[in-house]
Amino acid sequence: MNKVILYSALLGTSAMSYQARAVELDGYLTAGLAVHNQSQTDGSKVVYLDEVKDDVTFLQDSKFGLQVTADVAEDMQAVAQILASAEDDNYSMDIEWAYLDYTASESTNLRVGRIKQPVFLISDYLEVGYAYPWIRPPAEAYSNMPVDSIIGVQLLYQTRIGDMNFGFQPYFGSNTEGVPGQPTVNFFADNYVGMALRLENRAFTFQISTFQTDVSTVDTASALNSEGSATLSVASLSWDIANFVGYTEYTTRDIESDKGTLGQGFNAVPFDALFSDQDGYYITLGYRMGKYLPHVTFATIDSEPMAAFDPTNFAGSGQPGPSQGARQDSITLGLRYELNDSAALKMEYQTTELENNAGNLGLYQPFSSGLVEDKMSLLSVAVDIIF
Amino acid sequence: MRKIIKFIFIISLFMPVSLYADISSGVFRFQVKLAEQGNPEAQYKVGEMYETGKGVQKDPAIALTWFEKAAAQDHKKAVYKLLYLDIKSNGMNNHSKTQLGVLRQESASGNPDAQYYLGKMYAAGVGVPKSLDNALTWLNKAAFNGVSEAEHEAIAVEEELARIREKTAKKRAIALEAAKNKKAEEEALKIKNKQQAERARQAEEARLKAKKNAEAKKLAREKQRLDAERAELEREKARIAKQRTASQQKEAVVKESEKEAPGKASFESDPCKGKQARFLSTCR
């Protein structure tokens with residue numbers, strides 16, 4: 001909440017100092033429930049993503065956001081998006097992004113502040129559920145990047161090439177985030193350098209992006225620390241042809257020199273890696289029938305085994321650590337129904353199959369024992385509204 | 001003979017005053033005797049003696065009766081005397097006017113007595129406007145023609161004239177000095193006024209100059225302010241035009257997207273079309 005006040009004050013000051021002219025306020029809201037049927041053999045609950053359990057929860061997908069756009073000057077805008085997410089301390093508000101946009105020319109914008117880095121196809125509107133067909137984008141691909149935004153600078157260059165739009169977005173910055181599935185771990189990303197190239201026309205959107213950052217983690221619960229560098233590259237494609245709608249993305253994460261220690265002082269145990277290399281992939285196919293959009297998604301996440309990691313060092317410690325490779329495949333059947341031109345009802349049924357629960361893909365809270373079922377079914381219902 | 005006269009003169013100096021009085025009264029008695037016998041000259045003389053008090057007690061009324069007696073016998077001097085006294089006492093009337101005209105004619109024709117009385121009238125301003133110059137002219141003529149009283153009278157007139165002239169000269173000198181002083185004061189005042197006017201003019205000129213400078217500065221500031229306002233207005237107009245253009249383009253995009261959409265409410269995979277475009281940072 002303090003951050004909200006701080007950013008609001010900054011934006012307010014800059015806007016008001018120029019006699020804030022047009023101020024535009026837009027909002028979005030998602031109310032959704034989710035439940036799965038998985039549990040552990042020792043009776044412990046399986047927590048999928050952040051909040052989904054075998055009890056119905058509204059905390060995973062429910063959220064409320066406001067976007068404020070103010071014309072600071074003829075060629076300058078201040079933009080802030082405030083997000084109140086149910087999963088985050090019961091709707092405590094956070095700044096999703098807040099930046100100053102300077103239009104340097106017809107095709108070039110320069111942004112400074114808290115910016116959303118263009119990594120995936122829908123990174124720019126990840127929280128605006130109304131803008132995409134799913135209740136949430138496929139976790140197998142989107143969970144590979146724990147950092148939602150960075151504080152830094154971004155250049156946006158857009159131009160026309162034939163009948164195509166071409167976009168180029170380099171950026172630089174840093175940030176700190178929590179790690180999905182590991183609430184006690186803080187993730188630090190410094191020297192965050194990346195870029196995205198985008199080509200699109202009326203039917204296709206193609207994007208490739210990559211970034212590299214120095215990463216380090218600190219686990220406040222177990223004194224599990226690591227540092228290294230990560231590279232994430234994504235290739236994305238979407239299409240919309242004759243009511244056939246499709247999305248597909250392939251992402252690969254490469255961790256370099258990931259070294260760390262467990263414990264402190266004399267008892268500190270060194271290890272070579274905490275995070276493994278991962279690849280994620282999904283494809284969504286849908287067909288638009290008036291107000292209805294049924295769709296199906298196939299998604300896979302594959303984590304590489306970490307050969308340098310010796311699990312015997314952690315015997316009895318009860319600490320997580322991907323000593324082996326892991327893989328999850330999922331199939332999602334979804335239906336989107338347009339309630340009106342500002343609201344959509346979504347329903348999804350998903351089945352997931354986790355090949356090796358000893359490994360951690362970043363999708364689950366740490367397991368304490370084996371899984372009761374081989375497969376997990378996940379049911380989600382949500383309403384997305386924009387206003 | 002001279003010795004006799006000298007002797008008589010010396011003896012007379014030692015004679016008592018009463019002796020002179022006796023002589024005068026003797027002359028008076030002698031003249032009265034002649035006058036009573038009808039001698040006009042004696043009548044005139046007796047009249048003069050009563051008039052002046054020589055040889056007898058002064059009595060103007062009796063003197064007048066004797067003058068009238070002499071004038072009744074056309075004794076010219078008596079006639080003129082009566083005319084003089086009449087005008088002096090009673091002013092001018094028709095009779096005296098006629099008499100004065102006669103007096104003027106006779107004076108002009110050389111009658112010494114007429115000249116004497118005309119001069120006397122001018123000297124005293126009796127019957128004519130007082131004019132010492134005219135009086136002196138006629139008295140000198142009378143004196144030249146043998147009237148001894150005219151000579152005395154002329155001397156008196158000359159003395160009066162001299163006094164008048166001296167007085168006039170003094171007055172003129174004073175007036176001249178006063179005029180000179182006045183002129184000097186006027187000159188000084190004029191110079192002072194001129195200097196004051198010059199100072200006032202210079203002050204006014206300086207004030208006008210300062211006012212003009214202040215107005216020029218004010219105008220310059222006003223112009224600067226207007227220029228700034230104009231520039232700001234132009235920028236505002238350009239911004240509004242740009243906003244309008246952007247708004248029109250946005251509306252066009254929305255209309256186009258609505259046109260392209262199969263239904264009014266259907267899923268739009270292009271996030272830059274439809275309402276969700278507001279949340280994207282890359283949509284143009």
Side-chain angles (χ1 to χ4, degrees), chain A residues 21-22 24 26-28 65 67 69 71 73-75 79 81 97 99 101 107 109 111 115-116 118 122 124-125 127-128 130-133 154 156 158 165 167 169 198 200 202-203 205 238-240 243 245-247 286 288-293 295 336-344 386-387, chain B residues 215-284:
Chain A
R21 292 165 175 160
E24 195 176 325
D26 301 301
Y28 56 87
Q67 179 169 298
T69 307
D71 290 339
E74 190 179 334
D75 51 4
V79 185
Q81 197 172 103
W97 67 40
Y99 59 83
D101 185 316
S107 56
N109 288 61
R111 290 157 180 175
I115 53 178
K116 202 89 171 170
I122 63 167
D124 201 20
Y125 49 102
E127 305 296 343
V128 187
Y130 180 82
Y132 46 80
Q154 181 186 72
L156 170 63
Q158 290 177 296
N165 290 324
Q169 280 180 276
R198 190 183 186 96
E200 61 188 353
R202 292 167 62 120
T205 298
S238 72
W239 63 92
D240 187 344
N243 290 327
V245 179
Y247 296 82
R288 183 170 45 225
M289 296 180 291
K291 293 182 177 181
Y292 295 93
L293 178 71
H295 55 86
R336 172 183 169 123
Y337 173 71
E338 306 299 322
L339 297 169
N340 52 47
D341 62 352
S342 299
I386 56 172
F387 53 91
Chain B
E215 282 177 353
K217 282 181 183 174
K218 190 179 175 184
L219 278 174
R221 281 197 301 273
E222 187 68 12
K223 185 174 181 300
Q224 200 174 3
R225 189 182 65 76
L226 285 173
D227 287 345
E229 279 184 0
R230 193 176 296 121
E232 176 64 21
L233 198 64
E234 290 299 323
R235 282 197 295 274
E236 187 67 15
K237 277 168 70 180
R239 191 184 67 79
I240 290 169
K242 195 174 176 183
Q243 275 189 347
R244 189 177 294 134
T245 306
S247 176
Q248 286 169 350
Q249 285 175 348
K250 205 169 179 180
E251 280 178 16
V253 167
V254 170
K255 280 180 183 174
E256 190 184 352
S257 66
E258 285 175 356
K259 201 185 295 176
E260 288 174 352
K264 272 198 171 179
S266 62
F267 175 68
E268 176 57 67
S269 64
D270 185 350
C272 288
K273 290 182 179 174
K275 289 184 176 178
Q276 65 267 32
R278 293 173 292 179
F279 299 99
L280 273 74
S281 65
T282 54
C283 290
R284 284 294 171 94

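- Residue contact with chain B, scored on non-hydrogen atoms closer than 4.5 Å, involves the backbone of A:Phe387 exclusively.
- Without hydrogens or angle criteria, A:Arg111 side chain to B:Ser281 main chain gives a donor-acceptor distance under 3.5 Å.
- The minimum heavy-atom distance linking B:Arg278 with A:Gln67 is given by the pair O-NE2, 2.7 Å.
- Taking both residues in full, the closest heavy atoms of B:Phe267 and A:Ala131 are given as CE1-O, 3.9 Å, listed atom of the first, atom of the second, then distance.
- Between B:Phe279 and A:Tyr28, the two ring planes are perpendicular [angle over 60°; tilted spans 30° to 60°].
- Atoms CZ and OG, on A:Arg202 and B:Ser269 in that order, are 11.5 Å from each other to the nearest 0.5 Å.
- With hydrogens and angles disregarded, no donor-acceptor distance shorter than 3.5 Å links the side chain of B:Gln276 to the backbone of A:Val128.
- Both the backbone and the side chain of A:Pro133 come within contact range of chain B, judged by heavy atoms closer than 4.5 Å.
- Side chains of A:Leu156 and B:Thr282 form a contact here, defined as non-hydrogen atoms less than 4.5 Å apart.
- Annotation: B:Glu229, atom CD; neighbour count of heavy atoms from other residues, nucleotides and ligands within 6.0 Å is above 12.
- A:Glu200 does not touch chain B: none of its heavy atoms, backbone or side chain, sits under 4.5 Å away.
- With a 4.5 angstrom heavy-atom cutoff, A:Asp26 touches chain B via backbone and side-chain atoms both.
- In terms of heavy atoms, B:Pro271 sits closest to A:Tyr125 at CG-OH, 3.4 Å.
- By the neighbour-count criterion of 12 heavy atoms within 6.0 Å, atom OH of A:Tyr337 is densely surrounded, having more than that number from other residues, nucleotides or ligands.
- For B:Arg244, the CZ atom counts as loosely surrounded, since its 6.0 Å shell holds 12 or fewer non-hydrogen atoms of other residues, nucleotides or ligands.
- Contact annotation for B:Lys275: both backbone and side-chain heavy atoms come within less than 4.5 Å of a heavy atom of chain A.
- In this structure, chain B has no heavy atom under 4.5 Å from any part of A:Glu127.
- Taking all atoms of both residues into account, the shortest heavy-atom contact from B:Ser266 to A:Gly290 is CB-O, 3.1 Å.
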Exercise for the section: Decide side chain to side chain contact (heavy atoms under 4.5 Å, CB included) for A:Asp240 and B:Glu268; before the verdict, give the C-alpha distance in whole Å, the side-chain angles of both, and the deciding distance to 0.1 Å. Expected result: CA-CA 9 Å; A:Asp240 187 344; B:Glu268 176 57 67; 4.2 Å; yes
